[in-house]
Amino acid sequence: MNALAKGISDGGIITWRNLMNVRRNPDWLMAATLQPIMFVLLFAYVFGNAIGGEAGGAAYREFLIAGIFAQTVAFNSAFTVIGFANDLQKGIIDRFRSLPMSRIAVVLGRTTSDLVVSVVALVVMSACGLIVGWRIRGSFWDALLGYLVMLMFAWALSWVGALIGLAARSVEVAQSLGLIWMFPLSFISSAFVPTGTLPPFLKAIADWNPFTAVINATRDLFGNRFGPAQTGWPAEHAALYAILCCVAIIAVFAPLATAKYRRVASK
């Protein structure tokens with residue numbers, strides 16, 4: 001068996017092991033779904049009329065869902081951070097080191113299992129969106145592509161989480177590091193308001209923010225537009241830019257996370 005096939009095979013075993021942990025600790029899955037549901041209800045019914053106006057409240061709720069999707073899968077990368085930090089603290093990584101397995105399998109298995117959690121979270125969030133009035137206005141294939149872009153983004157961010165989790169010195173530090181960088185990136189974006197409403201300096205950041213690219217691409221594919229049309233290359237080529245951002249994140253952080261795991265496992 002060549003190295004790639006062995007890495008994928010061993011990664012599948014680690015993925016199953018991590019999913020069994022989620023099954024035994026369902027509070028992880030609840031945390032991945034309850035917080036986004038609260039965000040949907042908060043922004044849809046508390047801020048929705050203020051932002052969209054009474055006549056535009058329903059349109060704003062459709063606009064909101066793609067932003068909640070992106071925030072949900074981004075925050076789920078914190079489980080990658082905590083999972084690695086927890087395995088390091090409990091000595092699980094030392095046990096993996098003693099097994100005849102591919103070095104990339106542990107990192108690949110963790111990111112893949114957390115991708116499965118993101119799939120479940122998106123299913124729950126889609127049901128919640130339908131309840132509050134969200135609808136997909138595009139075709140089936142456009143909608144499928146929108147979900148795939150969102151899942152690609154989730155997998156890309158999980159590699160960032162893997163690097164942070166392997167670098168964290170404790171679970172407590174990992175919990176802070178896993179979320180602190182998410183808030184500015186998710187809020188300085190088009191997740192909750194059109195970027196045209198932001199001050200010029202923040203608008204420039206938000207327009208090129210990978211979060212905005214993924215959110216705009218998903219909205220376009222779902223047919224959930226709201227407010228004036230956005231201009232500029234990132235907005236006009238949102239799907240292409242979103243995919244390029246995801247590929248770039250994976251290309252940078254997957255080798256870094258794998259190299260960090262090798263250093264940690266060799267100690």
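Position 1 is the first residue of the sequence; numbering continues from there.
For the pairing with W159, the side chain to side chain contact (heavy atoms under 4.5 Å, CB included) check across T258, V252, I164 returns one residue only, T258. For the side chain to side chain contact (heavy atoms under 4.5 Å, CB included) criterion with M125, the lone passing option out of V120, I68, L130 is I68.
Between C246 and A156, the shortest heavy-atom contact is O-CB, 3.8 Å. Residues A66 and R219 approach most closely at CB-CG, 3.5 Å, considering heavy atoms. For L64 against V40, the heavy-atom pair with the smallest separation is CD2-O, 3.9 Å. The shortest non-hydrogen separation linking N216 to A238 is CB-CB, 3.8 Å. Across all non-hydrogen atoms, the minimal contact from A191 to S186 is CB-O, 3.5 Å. Taking both residues in full, the closest heavy atoms of A257 and A162 are given as CB-CB, 4.0 Å, listed atom of the first, atom of the second, then distance.
Taken together through direct or relayed side-chain contacts under 4.5 Å among Ile, Leu, Val, Met, Phe, Trp and Tyr, Y241 and I243 form parts of separate hydrophobic clusters. Under the 4.5 Å side-chain heavy-atom criterion for grouping Ile, Leu, Val, Met, Phe, Trp and Tyr, L19 is not connected to I82 through any hydrophobic cluster. A continuous path of hydrophobic side-chain contacts links M182 to V160 [ILVMFWY only; heavy atoms under 4.5 Å]. With hydrophobic clusters built from ILVMFWY side chains whose heavy atoms lie under 4.5 angstrom apart, L115 shares a cluster with V106. Linking Ile, Leu, Val, Met, Phe, Trp and Tyr residues whenever their side-chain heavy atoms come within less than 4.5 Å places V132 and L42 in a single cluster.
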Next on the checklist: What verdict does the side chain to side chain contact (heavy atoms under 4.5 Å, CB included) test give for M152 and V247, after you've listed the backbone C-alpha separation in whole Å, the side-chain angles of each residue and the deciding distance to 0.1 Å?
Outcome noted: CA-CA 9 Å; M152 186 178 183; V247 171; 3.5 Å; yes

Checklist entry - Could you go step by step and tell me if L157 and F211 meet the side chain to side chain contact (heavy atoms under 4.5 Å, CB included) rule? => result CA-CA 11 Å; L157 291 184; F211 273 77; 4.2 Å; yes

Next on the checklist: Before you tell me yes or no, could you show the steps for R110 and N18 under side chain to side chain contact (heavy atoms under 4.5 Å, CB included), namely the whole-Å CA-CA distance, both residues' side-chain angles and the distance that decides it to 0.1 Å?
Outcome noted: CA-CA 7 Å; R110 170 59 63 182; N18 294 335; 3.3 Å; yes

Item to check | Worked check of side chain to side chain contact (heavy atoms under 4.5 Å, CB included) between D114 and N76 | outcome: CA-CA 7 Å; D114 291 337; N76 282 353; over 6 Å; no

Next on the checklist: Could you walk me through whether S189 and N209 satisfy the side-chain hydrogen bond (donor to acceptor under 3.5 Å, both in side chains) test, starting with their C-alpha distance in whole Å, then the side-chain angles of each, then the deciding distance to 0.1 Å, before giving a yes or no?
Outcome noted: CA-CA 6 Å; S189 71; N209 186 346; 4.9 Å; no

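Here the straight-line distance linking atom CG of N224 with atom CD1 of I65 works out to 8.5 Å at 0.5 Å rounding. Atom-to-atom distance recorded for L202:CG and T197:OG1 is 10.0 Å, nearest 0.5 angstrom. With rounding to the nearest 0.5 Å, the separation of CG in L41 from CZ in R61 is 11.0 Å. One finds the OG atom of S158 at 11.0 Å from the CZ atom of F153 (value rounded to the nearest 0.5 Å). A distance of 11.5 Å separates OG1 in T111 from CD1 in I14, rounded to the nearest 0.5 Å. Atom CG of L163 and atom CG of L256 lie 6.0 Å apart (nearest 0.5 Å).
No donor-acceptor distance shorter than 3.5 angstrom exists from the side chain of T195 to the backbone of D207, with no hydrogens or angles considered. For the pair T218 (side chain) and V214 (backbone), a donor-acceptor distance under 3.5 Å is present.
Partners of R17 by salt bridge (charged side-chain N to carboxylate O under 4.0 Å, His left out), not counting sequence neighbours, listed by chain and number: D87. Residues passing the side chain to side chain donor-acceptor pair (under 3.5 Å) test with T72, sequence neighbours excluded: none.
Between F192 and Y60, the distance from one ring center to the other does not fall under 6.0 angstrom. For F222 and F63, the ring centers sit 6.0 Å or farther from each other.
The aromatic rings of W233 and H237 lie parallel to each other, with less than 30° between the two planes, well short of the 60° mark. The aromatic rings of W134 and F69 sit perpendicular, their planes meeting at an angle over 60°, well past the 30° parallel limit.
Residues V73 and W155 fail the side-chain proximity criterion, which asks for heavy atoms closer than 4.5 Å.
Atom CH2 of W16 has 12 or fewer neighbouring heavy atoms from other residues, nucleotides or ligands inside a 6.0 Å radius.
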